[in-house]
Amino acid sequence: MSNSKATLPVAEPYPLSTLRHSVSHLMASAVAKLHPGVQFGFGPAIEHGFYYDFDLSEPLNESDLRKIEKEMERQAKRSQPLTKITVTRAAAKERLAAKGQHYKIEAVDLIPEGEDITFYSHGDWEDLCEGPHVDTLTRPFAFKLLSVAGAYWRGDEKRPMMQRVYGTAFWTQAELDAHLKWLEDVKQRDHRKLGSELDLFSTHGEVGGGFIFWHPNLAAVRRCIEEFWWEEHTRRGYKPVYTPHVSREQLFSISGHLEKYSEMMYAPMEIEEQPYRIKPMNCPGHIMIYKTRGRSYRELPLRWAELGTVYRYERSGVLHGMLRVRGFTQDDAHIFCTPEQLASEIAGVVDLVTKILSAFGYEYTAYLATRPEQSIGEEDVWTLAIKALEEAARMSKLPLTLDEGGGAFYGPKIDFKVKDALGREWQNSTIQCDFNLPQRFDLTFTDHDGKQKRPIMVHRAILGSMERFVGGLIEHFGGKFPLWCAPVQVALVPIREEHAEYCKKLELELQSDLFRVDAMLDPGHMNNKIKEAQKAHIPFTLVAGDREAADGTVAVRRRGTREQEVMPFTQFLALIRDLRARKALDLGEKALAR
RNA sequence: GCCAGCGUAGCUCAAUUGGCAGAGCACCUGAUUUGUAAUCAGGCGGUUGCGGGUUCAAGUCCCGCCGCUGGCUCCA
């Protein structure tokens, strides 16, 4: 959809968000025209566009959106200055009452005392709105309505549900087209789509939603990540622990989860007349190990790590592929340390986070989340912990963005947001100080003065959960995993059946070097096998015929290209060993070109 | 959980107002022996998500449940 008027002034003086806000007004006026009696909610600009909430007796569908777009175009073509008036509180309510806009009347009461109450109008439609807006809708711009979904009035699930129409707008058609192409790209890379296309994972109706089955291909990816994860942890003095999945309910009543978290926990099961629960968290288990004997300051810090699978009840409507599930494995670890050790321990975690996130080519931003209103603990402990987090960031040269009051009730934290290949943000890594659990479980250590003191506990996860991280990774790479963690690293294609023997030999050599290989030795045409290998995004396809078998060479075809380079097999092996050892994100294009 | 929508072969999708459930890919069998993205022929494959109802007749209409999708709320 575009509304281009060559003669009109350039659009640039307004930010894009202002245009989008104005286009949401245009959409509202179009809906008012097409659906008399509509009640309006809120209609702001958002990150990639805008929305407007409507209360309508009729549900809107895709074809309604097209009709609304047409009406918007019609209205935009007429001269449509957007004008602002300021009114008193009483007058505002009166104007809205006359139109029967009861949501908007409620919105008036949300405007703080002393602020101007303003209306913006275009044509014969007006809306309570603080603005700002573009001066006229006859400026050139391009827009599209994208989807309709339910949304509670004021985000409160106890209040009525309205219909939210999402759309987007840009100054030019070209920018809109680029955005729509981006949306298409997002859809193509959807981990659920790639998950079935590349035979990565599945969920099952007979199992229930939110439980992930990792197929061999994705299990291979996960194993590589886990090995990398354990290596880096071992280097930093972490020790693996294993804890049970089920425990007496009592454990979670001591930890406080039962009280604070019971909505997320599965119902108790009865074993010999005792209630037991499936764990929603790993921390109480690690604490049990800590408590088995007296602890000395000499053995702190203790760093215990576990890829711990937990189960949490999530409402059916929130489940989403691998990103939001009911059973998941956290890459969990707990550090028990003294207050003096806190800063350097956190710095160690920051180092680990940056090491692991960078290996996947993620850029990241860190946020310092401070004390929320509802929280526990002495003020000086909070201050100490926040200082430790800041100090650690300074030591690691990590810039922190302040997230005021965003901490957990039991302590402050640093959260990391990563940006993926499509520019979307994900939150996985978190470093949390906890004063609560050490107290609840009465954790102590004997200090050098012989006194019993309370350790601080640090909860931290780098990947967050294997499910969410790997799900995000599928989209980040678009299914094209770097060699080191690709499900299948090398495809072998014999030109004729008689070359199968040579390929078999290569397969065994690669396998003995722990490479994952798909030797395509079944009868069939080589072209078809090359197609299969490319569709599966296998990094390297090796084609071998008479010449290669005779010379001990391979014709190497890199993922995504049609060119081949013939090289000795030993040279190829050296290339992929190097790529694997470096965890290279590329396929050694430069090395090949040489 | 809520609002809206969807559910047909392993996958992608057809099936006119309710009127004999079909195609491509995948898979299996046979033929083909190939130098860089689809060789040819044949075959297998379905209680149309599950359960009920309306009807002479239901993939199609109605009700309930399950699952999925887009959001809201919530979250690793």
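Just so it is clear, the structure is predicted and the values come from calculations on it, not from any experiment. So that the names make sense, note that chain A is the first sequence line, chain B the second, and so on, each numbered from 1.
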Base B:rG71 paired with A:Tyr152 side chain (donor-acceptor, <3.5 Å)
no
Using the C1' atom as the reference point in each nucleotide, state the distance between B:rG10 and B:rC44 in Å, no decimals.
13 Å
Can you identify which nucleotide, out of B:rC2, B:rA76, B:rA38, has its nearest atom closest to the A:Gln330 side chain?
B:rA76
Using Watson-Crick or G-U wobble geometry with both distances under 3.5 Å, which nucleotide pairs with B:rC56?
B:rG19
Rounding to an integer number of angstrom, what distance separates B:rG70 and B:rC63 when you compare their C1' atoms?
25 Å
C1' spacing across the pair B:rC50 / B:rU34, given as an integer number of angstrom:
49 Å
So is the aromatic ring of A:Phe328 stacked onto the base of B:rA76, judging by whether the centres are under 5.5 Å apart and the planes are under 30° apart?
yes
Does one side chain, of A:His286 or A:Glu306, offer a donor that lies under 3.5 Å from an acceptor on the other?
yes
Whole-Å distance, A:Ile212 CD1 to B:rG67 C1', equals 14 Å
Whole Å only: how far is the CZ atom of A:Arg562 from the P atom of B:rA38?
8 Å
So for A:Arg468 and B:rC75, does any side-chain atom that can act as donor or acceptor lie under 3.5 Å from a complementary atom in the base?
yes
What is the nucleic acid contact for A:Gly317, judged by heavy atoms within less than 4.0 Å: base, sugar-phosphate only, or nothing?
base
For the C1' atoms, the ones on B:rA37 and on B:rA31, what distance do you get once it is rounded to whole angstrom?
23 Å
Classify A:Gly545 by what it touches in the nucleic acid, base, sugar-phosphate, or nothing, heavy-atom distance under 4.0 Å.
base
Can you check whether any acceptor in the base of B:rG71 is under 3.5 Å from a donor in the side chain of A:Gln163, or vice versa?
no
Any A:Arg154 side-chain N or O less than 4.0 Å from OP1/OP2 of B:rU73:
no
For the base of B:rA4, is there a side-chain donor-acceptor partner from A:Glu58 under 3.5 Å away?
no
Within the 4.0 Å heavy-atom criterion, would you say A:Asn61 contacts the bases, only the backbone, or no part of the nucleic acid?
nothing
So that I can tick it off, tell me whether A:Arg159 and A:Glu106 are bridged by a salt bridge, with the cut-off set at under 4.0 angstrom between side-chain N and carboxylate O.
yes
Please say whether the positively charged group of A:Arg468, taken as NZ for Lys or CZ for Arg, lies over the ring of A:Trp426, i.e. under 6.0 angstrom from the six-membered ring centre and within 45 degrees of the axis.
no
Kindly say if A:His320 contacts the phosphate of B:rC75, meaning a side-chain N or O under 4.0 Å from OP1 or OP2.
no
Does any N or O donor sit under 3.5 Å from an N or O acceptor when you compare the side chain of A:Arg192 with the base of B:rU69?
no
Counting heavy atoms from C-beta on, name the nucleotide in B:rG1, B:rA37, B:rG35 closest to the side chain of A:Val318.
B:rG1
Does any part of the side chain of A:His459, heavy atoms only, come nearer than 4.5 Å to the side chain of A:Leu437, both counted from C-beta?
yes
Compare the ring of A:His525 with the six-membered ring in the base of B:rU34 and state whether they stack (centres under 5.5 Å, planes under 30°).
no
Take atom P in B:rU60 and the same atom in B:rA9, then report the distance between them in whole Å.
14 Å
Strictly by Watson-Crick or wobble contacts shorter than 3.5 Å, is anything paired with B:rA26, and which nucleotide is it?
none
d(CZ, A:Arg164; P, B:rC3) in whole Å
16 Å
Could you give the distance separating B:rG18 and B:rC61 at their P atoms, to the nearest angstrom?
8 Å
A:Glu563/A:Arg557 ion pair, N-O < 4.0 Å
no
Taking only the C1' atom of each, what is the distance from B:rA26 to B:rA38 in whole angstrom?
13 Å
Aromatic ring pairing A:Tyr266/A:Tyr313, orientation class (parallel under 30°, perpendicular over 60°, tilted between)
perpendicular
Is there a donor N/O on one and an acceptor N/O on the other, under 3.5 Å, for the side chain of A:Arg315 and the base of B:rC2?
no
As a test of reading the structure: which of B:rG35, B:rU36, B:rU33 is closest to the side chain of A:Glu497, going by heavy atoms?
B:rU33
Parallel, tilted or perpendicular, judged at 30° and 60°: which one describes the rings of A:Phe42 and A:Trp153?
parallel
